[in-house]
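Below, all heavy atoms of this structure are taken into account, side chains as well, without hydrogens, waters or symmetry copies. Note that ligands are numbered from 1 as they come in the structure, with each ligand's atoms numbered from 1 the same way.
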Amino acid sequence: MTTMEKLTILTDAAKYDVACTSSGIDRRGKTGQLGSAVKMGICHSFASDGRCISLLKVLMTNACIYDCQYCVNRRSNDTARAAFTPRELADLTIGFYRRNYIEGLFLSSAVIKSPDYTCELLIETLRILRTEYGFRGYIHVKAIPGADENLLTRLGMLTDRMSVNIELPSERSLKLLAPDKTKHSILKPMGLIANRIQEAHHDLVRYRNTPKFAPAGQSTQMIIGATPDSDWDILRLTEGLYKKYGLRRVFYSAYMPVSENTLLPPKGTKPPLLREHRLYQADWLLRYYGFAADELLDERHPSFHPLVDPKCGWAVNHMEQFPVEINTAPYEMLLRVPGIGVRCAQRIRAVRRCHSLDFDGLKKIGVVLKRAQYFITCSGKIREGLRFTPESILRALISEEKQKFVVSDIPEQLSFFSTPPVPNSSDTTNFPELAQKEA
Ligand code: SF4
């Protein structure tokens, strides 16, 4: 098999991993125009300074000894298999880097022979790159669950970011669909990486030249929509992972059906992209807005309303906490107002030290009044001419959201495992406060 054939198979097999952003576009070049794009091979990540960097996204091999039912590389799947040697992959990476195609490498792998053997292949590839070629570009590597601790430690010394994919949100789902994996075998390397990162930070304080361990931290990926786990289950797990393992990011990957299995959505089912989007929004609320998972969802309402973003959903359900007076409210409460983001809340805090703010002033500093107007007062007054009830707020928020999405895509999002039906504008599903009032 030629290197090009291997590259085609192993970049295509890597496209399902979303722990960085794939281009996702296939576009041929045209005479008289510049450039072309392929949907696999190159992905993008963001450096700590916000710069977008291109990475070669590839698997070491797709020949897996495991049989995870949701995965295209599973042992029982009849698909073309390939494997790079460490030297081949290092040469390829350096070749692309020298031609300026990429700025780094995103390396993952199926489990070939054993987790230890696979981990050794990854280590050898990175060793050639870092020590023989002196490669100082960005590397993100997937840790292999079940590999020996010493091997994982060596891997972490050669890479910038490590990740262990948690894959499915519950142990029950893992048992059903990935019987070779256990929650323990996934969380153990995560804990090890978290400890090593912390130790390296402490050592750095005392010894300036101490070697760094995964200085860009660790992340994980969860598949959404392959199993009946609810948004609430996923969000609580996410919250726990951030707290316990200090993860930089949890990535959500809408499940693309790749196998005929009665336990999985059938082939042809559209990936639940809107649900994935809502989870990313909620994840943002956990990390930057001071929300807890149990505030956003609960046992009675375990799924996000598809047409209202999670922050608006929370606000409509907690009208007793509004309106918020813009000129005096604590910063933490400003962050909870729909239409006010972190930057706007900071600007409000800075400006109101000098003079009080009115609605025009808020617009100038970037507040989205279309959403915020229902939840705020300026110097004790609501926006002039504004008349609303909780029901009309919900209708307005839904109609605003509907403009952002192709509504015809929404039913597929909701058909899995009886998540709430597509609401009409007066639907109060997921809004217990409103439901009670209507009753
Ligand atoms: S171990 Fe990874 S590559 Fe192998 S079948 Fe499971 S998910 Fe796929």
Side-chain angles (χ1 to χ4, degrees), residues 6-20 22 40-41 43 57-84 89 105-123 125 140-148 151-152 155 162-190 193 218-227 229 234 237 250-261 263-265 267 271:
K6 286 186 188 180
L7 190 64
T8 307
I9 293 171
L10 294 172
T11 51
D12 189 55
K15 74 183 176 200
Y16 299 95
D17 206 314
V18 295
C20 61
S22 306
M40 74 283 184
C43 68
K57 183 179 183 183
V58 68
L59 297 187
M60 189 88 221
T61 176
N62 67 340
C64 198
I65 56 169
Y66 292 164
D67 203 30
C68 310
Q69 291 306 307
Y70 49 83
C71 177
V72 72
N73 302 319
R74 66 190 183 280
R75 187 179 62 221
S76 59
N77 194 24
D78 183 16
T79 186
R81 306 286 175 175
F84 280 121
L89 193 49
L105 173 67
F106 178 97
L107 180 58
S108 184
S109 184
V111 183
I112 185 166
K113 290 191 186 172
S114 71
D116 283 353
Y117 180 77
T118 313
C119 201
E120 277 169 11
L121 291 178
L122 298 177
I123 291 170
T125 309
H140 178 163
V141 76
K142 289 270 158 191
I144 307 294
D148 182 80
L151 292 174
L152 290 175
L155 193 61
M162 280 180 104
S163 48
V164 187
N165 281 356
I166 199 138
E167 305 288 16
L168 297 178
S170 69
E171 196 164 13
R172 182 188 61 232
S173 302
L174 268 180
K175 266 190 192 144
L176 280 175
L177 296 170
D180 304 300
K181 292 178 177 171
T182 60
K183 187 175 155 200
H184 177 71
S185 70
I186 294 170
L187 294 183
K188 196 173 162 210
M190 228 179 236
I193 295 167
Q218 69 166 323
S219 58
T220 191
Q221 174 195 260
M222 240 184 273
I223 299 171
I224 305 306
T227 56
D229 301 292
I234 292 166
L237 175 62
V250 174
F251 290 90
Y252 307 97
S253 168
Y255 175 66
M256 289 186 239
V258 289
S259 79
E260 289 296 355
N261 184 313
L263 296 169
L264 288 165
K267 274 188 179 172

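Put simply, the side chain of Q69 never gets that close to the backbone of S259: no donor and acceptor are under 3.5 Å apart. When atom types are taken as modelled, the side chain of N62 and the backbone of A80 share a donor-acceptor pair closer than 3.5 angstrom.
Side-chain atoms of N77 and D67, non-hydrogen and from C-beta on, never get closer than 4.5 Å to each other.
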Can you give me every donor-acceptor pair (side chain of residues 109-116, partner residue at least two apart or in another chain, under 3.5 Å) with its distance?
unit_1 : atom_1 : unit_2 : atom_2 : d
S114   : OG     : Y117   : N      : 3.1
D116   : OD1    : D148   : N      : 2.7

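Set against the non-hydrogen atoms of K181, the atoms of ligand 1 under 4.0 Å away are 1 (S), 2 (Fe), 6 (Fe), 7 (S).
A donor-acceptor contact closer than 3.5 angstrom links the side chains of D229 and S173.
Listed by chain and number, the protein atoms of type N/O/S under 2.8 Å from atom 8 (Fe) of ligand 1 are C71 SG; waters are omitted.
Among residues two or more places apart in sequence or in another chain, the side-chain contact (heavy atoms from CB on, under 4.5 Å) test is passed with M256 by Y16, P271. Partners of C119 under the side-chain contact (heavy atoms from CB on, under 4.5 Å) rule, at least two apart in sequence or in another chain, are I123, A147, L151, L152, L155.
Neither the backbone nor the side chain of R75 has a heavy atom within less than 4.0 Å of ligand 1.
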